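Before any comments, here is the structure.
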2 protein chains.
Amino acid sequence: MPICDPERSEAGAALTALILDLFRLSNRMLAAGDRLVAGLGLTSARWQVLGSIVAAERPQPVAWLARDMGANRQNVQRIVNDLAAEGLVDFQANPHHRRAQLVVLTARGRDAFAAAMRLQAPWINRLSEGLSVPDIGTTHAVVTALERKLDSDTKD
Amino acid sequence: MPICDPERSEAGAALTALILDLFRLSNRMLAAGDRLVAGLGLTSARWQVLGSIVAAERPQPVAWLARDMGANRQNVQRIVNDLAAEGLVDFQANPHHRRAQLVVLTARGRDAFAAAMRLQAPWINRLSEGLSVPDIGTTHAVVTALERKLDSDTKD
DNA sequence: ATCGAATTGACATTATGATGTCAAAAGGAA
DNA sequence: TTCCTTTTGACATCATAATGTCAATTCGAT
């Protein structure tokens, strides 16, 4: 769908065509994730926050989690507060900062995240059927390369 | 970051790792698009709606545009109404449906979209520097394949 | 022609995300 | 110490997205 292409390089044109599909896929993935874990009282956003907590080596304050996710500090704060209200996460005193408490998973939080990942496994296996592992790797490389470029652009 | 991988296929694990970066990239792309066309009174969402109108062979009612975009009917309706209030789009009588009017670009709408695409060209060219065209093609193929799979999943 | 299902736009409501401001707290430089 | 900058959580506000409902309309089946 080359809408109007006056001065685009070959790679630029290819990338333009890719971006619209990228948005579509991202929306569908989020929607699919929401459906997948709705029964656990989770959403894609909450799941992602829990994942960031799990992925971190040590407990982190909210602002650090937000930075890891590339998301807004305030939104992550709200989600973490919601999760705390439902007993999925808890706060620990931070020896290095009185206000910035550390976020940790409760037992229920760990269970919820594990349950989500158990639901995700057969779903992602089915979704990946017929895709070649090298192609997925190439896709991942292109995506992360674009991320890096956008990051350095923003910092200029 | 293989958080916990009990029963994931190789492709499934690779795809899991890809998805998080996919979300990050989508968010950054939307933010970059917003910055790029902010001076034109546009946003990524409005730009995308204008693009759908341009991409369609013939004028379409709002509901059809929304379906093409994989977006919510009501949100597209709101955006189209906003665009109409600012004189970028207009409504045409639909010979086949009294209520479902056809959305068309005004001269100003065509100008705004063309201006957005002119801004996009050097930006996308720079963003695509160093990426191989075949790799972009592979990425596009993977993305559209995943879209198709998610669509057929939803319809089950 | 008539009935029922599906589509469509309008409206309302809620949920989520984005942005700005503020005071508390921490770190660094003098 | 003192002063300044940065970080952080809390709060407020607004923008956008998502969801449900309704009546008008169209289309298909009978």
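In what follows, every heavy atom counts, from backbone to side chain, and hydrogens, waters and symmetry copies are set aside. Bear in mind the structure is a predicted one, so any value in this text is a computation, not a measurement. Lettering follows sequence order; numbering is per chain, from 1.
Taking atom CG on B/Leu30 and atom C1' on C/dA18, their separation rounds to 13 Å, with Å as the unit. The CG atom of A/Asp82 sits 13 Å away from the C1' atom of C/dG17 (whole-angstrom rounding). What separates CG of B/Asp68 from P of C/dT7 is a distance of 15 Å, to the nearest Å. As a whole-Å value, the separation of A/Met69 CE from C/dA18 P is 11 Å.
For the segment residues 71-80 of chain B, residues with any heavy atom less than 4.0 angstrom from an atom of DNA chain D are, sorted by number, B/Asn72, B/Gln74, B/Asn75, B/Arg78, B/Ile79. Contacts between residues 38-46 of chain B and DNA chain D, defined by a heavy-atom separation below 4.0 Å, involve B/Ala45, listed by number. Of the residues in residues 56-64 of chain B, B/Pro61, B/Val62, B/Ala63, B/Trp64 come within less than 4.0 Å of DNA chain C through at least one heavy atom, sorted by number.
Nearest approach of A/Val143 to B/Asp21, heavy atoms of both residues: CG1-O, 3.6 Å. Taking all atoms of both residues into account, the shortest heavy-atom contact from B/Ile136 to A/Ala11 is CD1-O, 3.7 Å. Across all their heavy atoms, B/Pro95 and B/Leu102 have their closest contact at CD-CD1, 4.4 Å. Smallest separation of non-hydrogen atoms from B/Ser128 and A/Ser9: OG-OG, 3.8 Å. Scanning both residues, A/Asn125 and B/Glu7, for their nearest heavy atoms gives ND2-O, 2.9 Å. Closest heavy-atom contact between A/Ala32 and B/Leu150: CB-CD2, 4.1 Å.
Contacts between chain A and DNA chain D, taken as any atom within less than 4.0 angstrom of a protein heavy atom, begin and end at D/dT8 to D/dC11.
Residues B/Val133 and A/Leu20 fall into different hydrophobic clusters, defined by Ile, Leu, Val, Met, Phe, Trp and Tyr side chains chained together at heavy-atom separations under 4.5 Å. Transitive grouping of hydrophobic side chains (ILVMFWY, heavy atoms separated by less than 4.5 Å) brings A/Leu36 and A/Met117 into a common cluster. Taken together through direct or relayed side-chain contacts under 4.5 Å among Ile, Leu, Val, Met, Phe, Trp and Tyr, A/Val104 and A/Phe113 form parts of separate hydrophobic clusters.
One distance of note links CG of A/Leu22 with CG of A/Asn27; it measures 10.0 Å at 0.5 Å rounding.
With sequence neighbours left out, A/Thr106 forms a side chain to side chain donor-acceptor pair (under 3.5 Å) with no residue at all. Partners of A/Arg110 according to the side-chain contact (heavy atoms from CB on, under 4.5 Å) rule, which considers only residues two or more places apart in sequence or in another chain, are A/Leu105, A/Ala107. Applying the side chain to side chain donor-acceptor pair (under 3.5 Å) rule to A/Glu147 yields the partners B/Arg24; only residues at least two apart in sequence or on another chain are considered. Taking B/Glu10 as the reference, nothing meets the salt bridge (Lys or Arg N to Asp or Glu O under 4.0 Å) condition, with sequence neighbours excluded.
Using modelled atom types, one side-chain atom of B/Thr138 and one backbone atom of B/Pro134 make a donor-acceptor pair closer than 3.5 Å. The main-chain N or O of B/Thr144 is never found under 3.5 Å from a side-chain atom of B/Lys149 such that the two would form a donor-acceptor pair.
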Side-chain donor-acceptor contacts of residues 59-82 of chain B below 3.5 Å, not counting sequence neighbours, with atom names and distances?
from	atom 1	to	atom 2	distance (Å)
B/Gln77	NE2	B/Asn81	OD1	3.4
B/Asn81	ND2	B/Gln77	O	3.3

Side-chain donor/acceptor pairs under 3.5 Å, residues 39-57 of chain B, sequence neighbours excluded:
from	atom 1	to	atom 2	distance (Å)
B/Thr43	OG1	B/Ala45	N	3.4
B/Thr43	OG1	B/Arg46	N	3.1
B/Ser44	OG	B/Leu30	O	2.9
B/Ser44	OG	B/Asp34	N	3.2
B/Ser44	OG	B/Asp34	OD1	3.2
B/Arg46	NH1	B/Gly41	O	3.2
B/Arg46	NH1	B/Glu86	OE1	3.3
B/Arg46	NH1	B/Glu86	OE2	3.2
B/Arg46	NH2	B/Glu86	OE2	3.2
B/Ser52	OG	B/Gln48	O	3.2

Quick one: which protein N/O atoms are closer than 3.5 Å to N/O atoms of nucleotides 25-28 of chain C? Pair and distance per line, please.
from	atom 1	to	atom 2	distance (Å)
C/dA26	OP1	A/Arg98	N	2.7

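In the helix from C/dA1-D/dT30 to C/dA30-D/dT1, the terminal helix axes, each the rotation mapping four pairs' C1' atoms onto the next four within five end pairs, subtend 40°, rounded to 10°.
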